[in-house]
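Please read the structure below before turning to the comments.
Chain A is the first sequence line, chain B the second, and so forth, proteins listed ahead of strands; every chain is numbered from 1.
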Protein chains: 2
Amino acid sequence: MSAAAGSVGHDELGWCLGVVLRAYTDEVGAVLGDLPHGHRGFQVLATVVHGDQRSQLALAGMLGIDRTVMTYLIDDLVTADLVARQVDPADRRQRRIVATGRGTAVLAELERGVRKAEDVALGSLDPQDRAVLRRLLTSVACSLRQVAPADPCAVVEDALTATA
Amino acid sequence: MSAAAGSVGHDELGWCLGVVLRAYTDEVGAVLGDLPHGHRGFQVLATVVHGDQRSQLALAGMLGIDRTVMTYLIDDLVTADLVARQVDPADRRQRRIVATGRGTAVLAELERGVRKAEDVALGSLDPQDRAVLRRLLTSVACSLRQVAPADPCAVVEDALTATA
DNA sequence: TATTGTTATACTCTATAACTATA
DNA sequence: TATAGTTATAGAGTATAACAATA
């Protein structure tokens, strides 16, 4: 039973995920600059702009962030004039989070840089393998979060066509 | 520009990696039980047993853990009688970390459970896609950490043969 | 002088519980 | 009573700097 034979060494999902995620946060962190709360603030902003989940609780569930943390994140995004809180008229307990004009513009700018940073993190793969990896990861993640594969995760099909 | 068209929503590497890593740590955490420091303690133990990097600094570099944290991790693994510190005779500044007999046995047992937990986290993929994802992630991670693809990352080839 | 490991400190992220306002 | 959001607190995880031992 040699070192390369079994489930040993660096063939370990946790190690791989950790290494890649660290590379991602390092690369993306440099792109995001002074955005409040770095890549987590970015994810919140992106979900607000592109997603359909807009209550703080729905955002927290989608991003795997505790609802108590979401309060602070959104506080600082509001202070930075990137998003705003609106009381939901249908249920006055809920706050609908909407992007400001500035927030939408800033996000569009940041997303270009983030996409480049992502490709740097995956730089050792050729474009085809990169697309396959993105597709598989997106599939697993959407399945884990039980996101309807119809709406936002139709992106999976985009990755496929981009590969071909 | 629909939600599914551009680089939007859940087609985002950071979100995918975070979701999958969270699922991994949840599943694996249950398997590891009272192992000191959970999945990080496991990774240290696995690297000690299978890897060839054995100084604390080398372990820290491999696992992306700060060297000051590595001190505490190894302290507790030593207390649990899973590893031991030995002064390197060739360089008395360094400590060589070696597994105890109990550490080796415990790791072998845990690795079976961890492998199952990993497959649970990737459960939505069929076995072939799962192997492809493992192969690509391992490739990226080894490249990022500049691990010699010869020795431990020859596992990549194992994943390929397992796929075929 | 540089490196390995240790210790102390602080900062970020996260988790829990108590509180409010609405339903 | 139950839920959305807030606040306060404590716990992990991590990063920085200062220190001892060794090279």
Practice prompt. Report the C-alpha separation of B/Arg22 and A/Arg145 in whole Å, then their side-chain angles, then the decisive distance to 0.1 Å, and conclude whether the side-chain contact (heavy atoms from CB on, under 4.5 Å) test is met.
Written response: CA-CA 11 Å; B/Arg22 199 180 326 270; A/Arg145 273 293 142 87; 3.5 Å; yes

Item to complete: Could you give me the CA-CA distance, side-chain angles and deciding distance for B/Asp76 and B/His37, then say whether side-chain contact (heavy atoms from CB on, under 4.5 Å) is met?
Response: CA-CA 8 Å; B/Asp76 293 342; B/His37 298 276; 2.6 Å; yes

Discussion item. Applying side-chain contact (heavy atoms from CB on, under 4.5 Å) to A/Val114 and B/Glu12, what does each step give before you reach the verdict?
Written reply: CA-CA 9 Å; A/Val114 167; B/Glu12 211 247 310; 4.3 Å; yes

Item to complete: Given side-chain contact (heavy atoms from CB on, under 4.5 Å), test A/Val140 with A/Leu136 step by step and report yes or no.
Response: CA-CA 6 Å; A/Val140 172; A/Leu136 292 175; 5.5 Å; no

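Atom P of nucleotide C/dC13 and atom CG of B/Leu21 are separated by 16 Å, given to the nearest angstrom. If you measure from atom NE2 of A/His37 to atom P of C/dC13, you get 7 Å, rounded to the nearest angstrom. Going from atom CD of A/Gln43 over to atom P of C/dC13 covers 12 Å, rounded to whole Å. Between the CG atom of B/Asp66 and the P atom of C/dT9 there is a distance of 17 Å, given to the nearest Å. Rounding to whole angstrom units, CG of residue A/Leu59 and C1' of D/dA4 are separated by 13 Å.
Taken to the nearest 0.5 Å, the CD atom of A/Glu27 stands 14.0 Å off from the NE2 atom of A/His39. The CG atom of A/Leu144 sits 8.0 Å away from the CG atom of B/Leu122 when rounded to the nearest 0.5 Å.
Salt bridge B/Asp91/B/Arg96: absent, no basic N to carboxylate O contact under 4.0 Å.
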Nucleotides 3-7 of chain C: which of its N/O atoms have a protein N/O under 3.5 Å away?
unit_1, atom_1, unit_2, atom_2, d
C/dT3, O4', B/Arg93, NH1, 3.2
C/dT3, O2, B/Arg93, NH1, 3.2
C/dG5, OP1, B/Gln56, N, 3.2
C/dG5, OP1, B/Arg95, N, 3.0
C/dG5, OP1, B/Arg95, O, 3.4
C/dG5, OP2, B/Leu57, N, 2.7
C/dG5, N7, B/Arg67, NH1, 3.0
C/dG5, O6, B/Arg67, NH2, 3.4
C/dT6, OP1, B/Arg85, NH1, 2.9
C/dT6, OP2, B/Gln56, OE1, 3.2
C/dT6, OP2, B/Gln56, NE2, 2.7
C/dT6, OP2, B/Thr71, OG1, 3.0
C/dT6, OP2, B/Arg85, NH1, 3.2

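No donor-acceptor distance shorter than 3.5 angstrom exists from the side chain of B/Arg102 to the backbone of B/Ala99, with no hydrogens or angles considered.
If you check residues 22-31 of chain B against DNA chain C, you find no residue with a heavy atom closer than 4.0 Å.
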